[in-house]
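Take a look at the structure below.
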Amino acid sequence: MTNWLEQSIFYEIYPQTFRDTNGDGIGDLPGIIEKLDYIKTLGCNALWLNPCFESPFGDAGYDVSDYCKVAPRYGSNEDLVRLFAEAHRRGMHVLLDLVPGHTSIEHPWFQASKQPEQNEYTGRYIWSNHAWEDVAGYGSINGQLRGISQRDACVAVNFYSLQPALNYGFAKITAPWQSAVDSPEALATRQAMKDVMAFWLDRGCDGFRVDMAGSLVKDDEGGVETIKLWQDMRAFLDKNYPDAVLISEWGEPDKSLKGGFHMDFLLQFGTSHYLDLFRCEHPFFSREGKGDISRFVATYQANLERTGGKGLMCIPSSNHDMERLRKYLDLEEMKIAFAFLLSMPGAPFIYYGDEIGMRYVDQVSVEGGYDRTCSRTPMQWGKGGNYGFSAAPAELLYTKQDPAPDAPTVEAQMAEETSLWQEVHKLLELRKATPALCASGTIQFVYCQPEQYPLVYLRSKGDTRILVALNPSSQAVSCPCNYTAKQVLYCHGQPVTLENGTLTMAGESAAFLLVE
């Protein structure tokens with residue numbers, strides 16, 4: 001594993017709504033640079049930027065029209081290079097969001113590909129041989145477009161109609177229009193994406209979070225050919241950029257890690273039971289005490305076994321595609337949720353604003369966000385107009401902000417000793433100072449029973465063993481626990497007791513104990 005990833009704590013930034021420095025109501029790269037010291041002060045040492053490339057923004061930038069040019073709304077390529085340099089100067093790293101599965105219909109590759117005359121981009125996307133011949137329904141192809149040009153063909157799209165699918169080939173050929181994974185057109189697409197990665201790595205990028213990483217090869221049962229594709233990508237990086245990090249939006253660590261990714265996200269889709277933690281009718285981390293984390297733990301342990309115990313699975317607080325934590329948990333409940341997030345293996349990912357408990361603000365869709373738009377509101381920095389996000393009139397902001405009189409702000413929470421921000425900061429500093437709590441420290445679940453509290457697990461590295469005990473419920477609980485505490489490293493709520501083989505915890509409490 002790349003050495004810098006071991007102690008990394010990522011901060012995800014949605015560029016549109018982090019900090020606006022030119023008064024147009026949309027966040028920009030100079031705004032991110034301006035706030036690097038804040039991110040470092042919080043305790044994060046790595047960034048993940050959602051797409052900042054040129055785009056018509058039909059899907060908030062996930063519809064790229066030029067992979068090698070920063071969208072003018074954010075600044076310039078020079079601004080992004082300066083961001084890399086300023087982050088590195090502070091000992092921080094930066095991942096860009098790579099969207100390899102599709103482009104915008106405005107991308108020059110697609111404009112050339114849809115021409116009826118044969119050219120070098122004719123096979124860059126997935127086309128049938130006739131306009132009336134369907135391509136949808138094969139593997140991860142979810143839609144199609146026809147009648148958009150004079151080319152007598154129908155083109156595959158990934159989800160939105162403005163995102164034609166790039167052609168990496170089919171694992172199983174069942175129609176004449178399908179390309180093999182080793183066909184010239186599929187290999188040309190693969191090389192084009194290598195060129196994109198090289199372009200930004202040469203300019204200071206430290207790696208990529210890869211969107212929909214498991215979807216590239218179509219009709220690929222078991223992901224066999226997609227794994228081979230990413231092994232080829234990883235070999236290219238290992239030869240030319242050995243420190244470059246790849247983190248996947250895949251949700252199947254046994255496949256993604258085999259493919260060469262350093263880490264994989266456990267997300268709101270798939271079978272991880274991530275939603276059981278924070279986003280369901282009865283979240284485990286709610287004080288009502290009606291949650292169940294056992295299915296999450298069972299799935300997590302199964303993934304550990306499949307990946308040889310690497311444990312390199314990322315559990316984000318939220319992200320741009322899901323509801324914010326604050327929709328389901330209040331500020332006090334979020335403190336124990338963060339004690340969990342920041343004590344698990346892999347690299348933690350904090351979505352901007354979660355560290356102060358920003359709300360999920362109901363509003364109409366912006367740039368294809370739909371219900372996700374409510375999680376993409378402008379950062380709330382402090383007092384004054386637009387909470388310090390922008391000097392633009394409120395009606396020009398990318399989305400509306402939290403209208404509540406008690407809307408949380410960074411300024412207020414940094415000044416309050418018992419705030420959520422202070423708790424997150426404390427946990428981040430402890431994690432970075434404690435190797436057993438970092439990415440590759442092992443985990444062993446000590447107590448986890450269906451519909452029961454607490455959750456107890458052991459993090460270890462070398463001779464150091466740290467017992468993590470979490471009781472989000474409002475009721476006092478106890479469980480068998482045959483360890484001897486040597487030192488309390490962290491305590492939230494009332495102190496725990498560990499004696500005579502029994503761990504006892506008050507309601508709404510958490511503790512990290514150095515044990516023998």
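Not measured: the values here are computed from a predicted model.
If you run side-chain contact (heavy atoms from CB on, under 4.5 Å) between Phe18 and each of Asn50, Ile39, Leu49, Leu29, only Ile39 comes through.
Expressed to the nearest 0.5 Å, how far CD of Gln7 lies from CG of Leu437 amounts to 10.5 Å. Rounding to the nearest 0.5 angstrom, the gap separating the CD1 atom in Ile336 from the CG atom in Leu455 is 11.5 Å. Rounding to the nearest 0.5 Å places OG of Ser55 at 10.5 Å from OH of Tyr67.
In this structure, Tyr14 and Tyr352 have parallel ring planes: the angle between them is below the 30° cut-off, well short of the 60° mark. Taking the six-membered ring where tryptophan is involved, the planes of Phe349 and Phe10 are essentially parallel, since the angle between them stays under 30° and well short of 60°. Using a 30° and 60° split on the angle between ring planes, Trp4 and His93 fall in the parallel class, below 30°. Below 30°, between 30° and 60°, or above 60°: for Trp421 and Tyr38 the angle between ring planes is between 30° and 60°, a tilted geometry.
Figure legend: cation-pi geometry between Arg372 and Tyr360 absent, as NZ or CZ is not positioned both under 6.0 Å from the six-membered ring centre and within 45° of its axis. By the 6.0 Å and 45° rule, Arg82 does not stack over the aromatic ring of Phe84. Both the sub-6.0 Å distance and the 45° axial angle are satisfied by Lys35 relative to the ring of Trp381.
The pair Arg234-Asp232 does not meet the salt-bridge criterion, since no charged nitrogen lies less than 4.0 angstrom from a carboxylate oxygen. Salt bridge absent: Asp354 and Arg326 never bring a charged side-chain N and a carboxylate O closer than 4.0 Å. Under 4.0 Å is where a charged nitrogen must lie from a carboxylate oxygen, and between Lys172 and Asp219 no such pair does.
Two residues are said to be in side-chain contact when any heavy atoms from C-beta on lie closer than 4.5 Å; Asp206 and Asp243 fail this criterion. Between Leu83 and Ile32, the closest side-chain pair of non-hydrogen atoms falls below 4.5 Å.
Counting only distance, with no hydrogens or angles, the side chain of Gln144 and the backbone of Ala136 share a donor-acceptor pair below 3.5 Å. Not a single donor-acceptor pair under 3.5 Å links the side chain of Ser256 to the backbone N or O of Asp264.
Ring-centre distance between His273 and Tyr300: not below the 6.0 Å cut-off. Ring pair Trp200/Tyr241: centre-to-centre distance not below 6.0 Å. Aromatic ring centroids of Phe265 and Trp250 lie 6.0 Å or more apart. Trp48 has its ring centre less than 6.0 Å from the ring centre of His320. Annotation: Trp230 is not in aromatic contact with Phe236 [ring centroid separation under 6.0 Å not met].
Contact detail for Thr103 and Val64: the closest heavy-atom pair is CB-O, 3.5 Å. For the pair Val135 and Trp127, the tightest heavy-atom approach, listed with the atom from each and the gap, is CG1-C, 4.3 Å.
Contacts of Lys69 classified as side chain to side chain donor-acceptor pair (under 3.5 Å), with partners at least two apart in sequence or in another chain: Glu54.
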Show every donor-acceptor pair shorter than 3.5 Å between a side-chain atom in residues 461-468 and any protein atom, with sequence neighbours excluded, or say none if there are none.
from, atom 1, to, atom 2, distance (Å)
Lys461, NZ, Ser440, OG, 2.9
Arg465, NH2, Glu516, O, 2.2

Inset, instruction - Run the numbers on Phe278 and Ser317 for side-chain contact (heavy atoms from CB on, under 4.5 Å), then give the verdict. - result: CA-CA 9 Å; Phe278 320 115; Ser317 65; over 6 Å; no
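Side-chain N/O atoms of Ser318 and Arg279 include a donor and acceptor closer than 3.5 Å.
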